[in-house]
Amino acid sequence: MTWLRNPDPRPDAAAVLVCFPHAAGSASFFRPWAAELTGFDLHAVQYPGRADRFTDDLPTDLTAMARGVRESLAPLTGRPIVLFGHSMGAVVAYEVARLLETSGVEVAHLLVSGARAAHDPEFAPVGAAQRSDESIMASLARLGGTEAELFADPLLAELAMPYVRADFVMFENYRYVPGEALRCPVTAVNGTGDSHCSPERAGRWAELTTGEFGAHTLPGEHFYLIEHPPHDVLRSLGWPHVQDRLLPEAL
């Protein structure tokens, strides 16, 4: 199956927004954003092993996953592409940005949310392969992700735990490979109370691009974007000049 889910197709939108979920997340996390960001044609990445890709093999290699997403983006490269990734998704988005630029496709903007920089030696929690299911569940609950609600139901927890663990192990096994810096602008977005990623650590993303770097903080912790999605940050990028369109029912 394709890597991308397009909840509200807008082929005439000025730009494409590609959203990358966090570890244990799915494309549905970004579905509500399409109704708010009407100036974008929003595509959310669906990682394998969950939701409508439940029967696909579990992910094991983050950079290989990035290559799959890059291939799926080929039909969309005629318009400016903005990449947004949260937590692990920020690192996947970064690797996709590298692949796009290497192949000659300009990336309009990369937004990295709640994430330490890809080259930070402590970019991800360690020891996932050795941790118990209960320990991983507790970590998700502390961070406040919506997936933590799955574990209240033993049946859902049993179904979800394989892909949750696979994501954690894959993220831990990722290794940054030095190479040419990005050329696109990069913006880091963080929750003011994020215990995983301080503004100082998020600021290290500036080291991975020769383009402009900006940083924003919004109220909340690691999953600040549940209550305070960064829609205004996305609207204010300046490239391309995206304006929300009135939907037919609002006319």
Side-chain angles (χ1 to χ4, degrees), residues 17-27 29-30 33 44-45 47 59 61-63 65-66 69 82-100 107 109-126 128 136 139-140 142-148 164 166-179 181-182 184-209 211-231 233-234 237:
L17 172 62
V18 185
C19 296
F20 298 75
H22 49 281
S26 67
F29 184 87
F30 294 104
W33 289 28
V45 175
Y47 303 143
D61 185 328
L62 189 148
T63 53
M65 196 162 68
V69 177
V82 176
L83 307 177
F84 177 96
H86 181 67
S87 200
M88 181 189 80
V91 178
V92 184
Y94 165 72
E95 289 292 346
V96 172
R98 297 177 90 179
L99 292 168
L100 287 168
V107 177
H109 213 108
L110 169 65
L111 294 98
V112 288
S113 167
R116 298 175 183 179
H119 65 319
D120 186 322
E122 299 177 323
F123 63 90
V126 297
I136 293 177
S139 294
L140 284 173
R142 282 195 301 272
L143 290 172
T146 54
E147 286 71 28
V164 172
D167 284 2
F168 273 66
V169 173
M170 175 180 65
F171 192 23
E172 180 182 346
N173 289 339
Y174 166 78
R175 294 294 180 268
Y176 167 77
V177 177
L182 294 177
C184 65
V186 175
T187 296
V189 191
N190 264 66
T192 52
D194 190 342
S195 59
H196 169 70
C197 185
S198 66
E200 292 73 25
R201 297 196 93 137
R204 292 203 62 193
W205 283 103
E207 300 167 15
L208 297 179
T209 184
E212 294 183 6
F213 177 77
H216 295 266
T217 55
L218 293 172
E221 300 181 354
H222 187 62
F223 280 96
Y224 73 89
L225 67 176
I226 295 175
E227 295 294 331
H228 299 281
H231 296 160
V233 176
L234 284 158
L237 294 181

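Here, residue 1 is the first one in the sequence, and each next residue gets the next number. Just so it is clear, the structure is predicted and the values come from calculations on it, not from any experiment.
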- Query: Can V18 and V96 be said to form a side chain to side chain contact (heavy atoms under 4.5 Å, CB included), step by step?
  - Reply: CA-CA 10 Å; V18 185; V96 172; over 6 Å; no

- Message: Assess the residue pair L83 and L100 against the criterion (side chain to side chain contact (heavy atoms under 4.5 Å, CB included)); give the C-alpha distance rounded to whole Å, side-chain angles, the decisive distance to 0.1 Å, and a yes or no.
- Response: CA-CA 11 Å; L83 307 177; L100 287 168; 4.3 Å; yes

- Task: Please list, chain by chain and in numerical order, all residues satisfying side chain to side chain donor-acceptor pair (under 3.5 Å) with N190, sequence neighbours excluded.
- Result: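 Checked N190 against side chain to side chain donor-acceptor pair (under 3.5 Å); zero matches.
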
- Item | Residues in side chain to side chain donor-acceptor pair (under 3.5 Å) contact with S198, at least two apart in sequence or another chain |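 Side chain to side chain donor-acceptor pair (under 3.5 Å) check on S198 returns E200.
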
- Query: Does W205 use its side chain to pair, donor to acceptor, with the backbone of A115 at less than 3.5 Å?
  - Reply: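 Yes.
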
- Return yes if some donor-acceptor pair links the side-chain N/O of T217 with the main-chain N/O of T192 below 3.5 Å, else return no.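 Checking the backbone N and O of T192 against the side chain of T217, no donor-acceptor pair under 3.5 Å is found.
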
Residues that [X] engages under ring-ring contact (aromatic ring centres under 6.0 Å, His included), provided they are two or more places apart:
{"X": "F168", "answer": "none"}
{"X": "F123", "answer": "F171, Y174"}
{"X": "H119", "answer": "Y176"}
{"X": "F213", "answer": "none"}

- Message: Looking only at the side chains, is there a donor atom on one of T187 and H109 sitting less than 3.5 Å from an acceptor on the other?
- Response: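 Yes - a donor-acceptor pair under 3.5 Å links their side chains.
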
So which atom in [X] and which in [Y] form the shortest heavy-atom distance, rounded to 0.1 Å?
{"X": "P59", "Y": "M65", "result": "CB-SD, 4.0 Å"}
{"X": "L110", "Y": "V107", "result": "N-CG1, 4.5 Å"}
{"X": "D167", "Y": "A24", "result": "OD2-N, 2.7 Å"}
{"X": "F30", "Y": "A44", "result": "CB-CB, 4.1 Å"}

Which residues satisfy the salt bridge (Lys or Arg N to Asp or Glu O under 4.0 Å) test with [X], sequence neighbours excluded?
{"X": "E207", "value": "R204"}
{"X": "R98", "value": "E95"}
{"X": "D194", "value": "none"}

For [X], give me all partners under side chain to side chain contact (heavy atoms under 4.5 Å, CB included), at least two apart in sequence or on another chain.
{"X": "P230", "answer": "W33, F84, V189, L218, Y224, L225, V233"}
{"X": "E122", "answer": "R116, D120, R201"}
{"X": "D61", "answer": "T63, A64"}

- Query: Between V92 and V45, is a side chain to side chain contact (heavy atoms under 4.5 Å, CB included) present by the stated rule, with each step listed?
  - Reply: CA-CA 10 Å; V92 184; V45 175; 6.0 Å; no

- Query: Measuring from C197:SG to H222:NE2, what's the distance to the nearest 0.5 Å?
  - Reply: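 If I round to the nearest 0.5 Å, the distance is 8.0 Å.
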
- When rounded to the nearest 0.5 angstrom, what is the spacing between OG in S113 and CZ in F20?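 That separation rounds to 13.5 Å.
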
- Item | Side-chain touch L182/Y94, heavy atoms, less than 4.5 angstrom |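 They are in contact (side-chain heavy atoms under 4.5 Å apart), so the answer is yes.
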
- Verify the ring-centre separation between H86 and F29: is it less than 6.0 angstrom?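 F29 vs H86: aromatic centres not under 6.0 Å.
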
- Query: Between L62 and V91, does a side chain to side chain contact (heavy atoms under 4.5 Å, CB included) hold up when you go through it step by step?
  - Reply: CA-CA 9 Å; L62 189 148; V91 178; 4.1 Å; yes

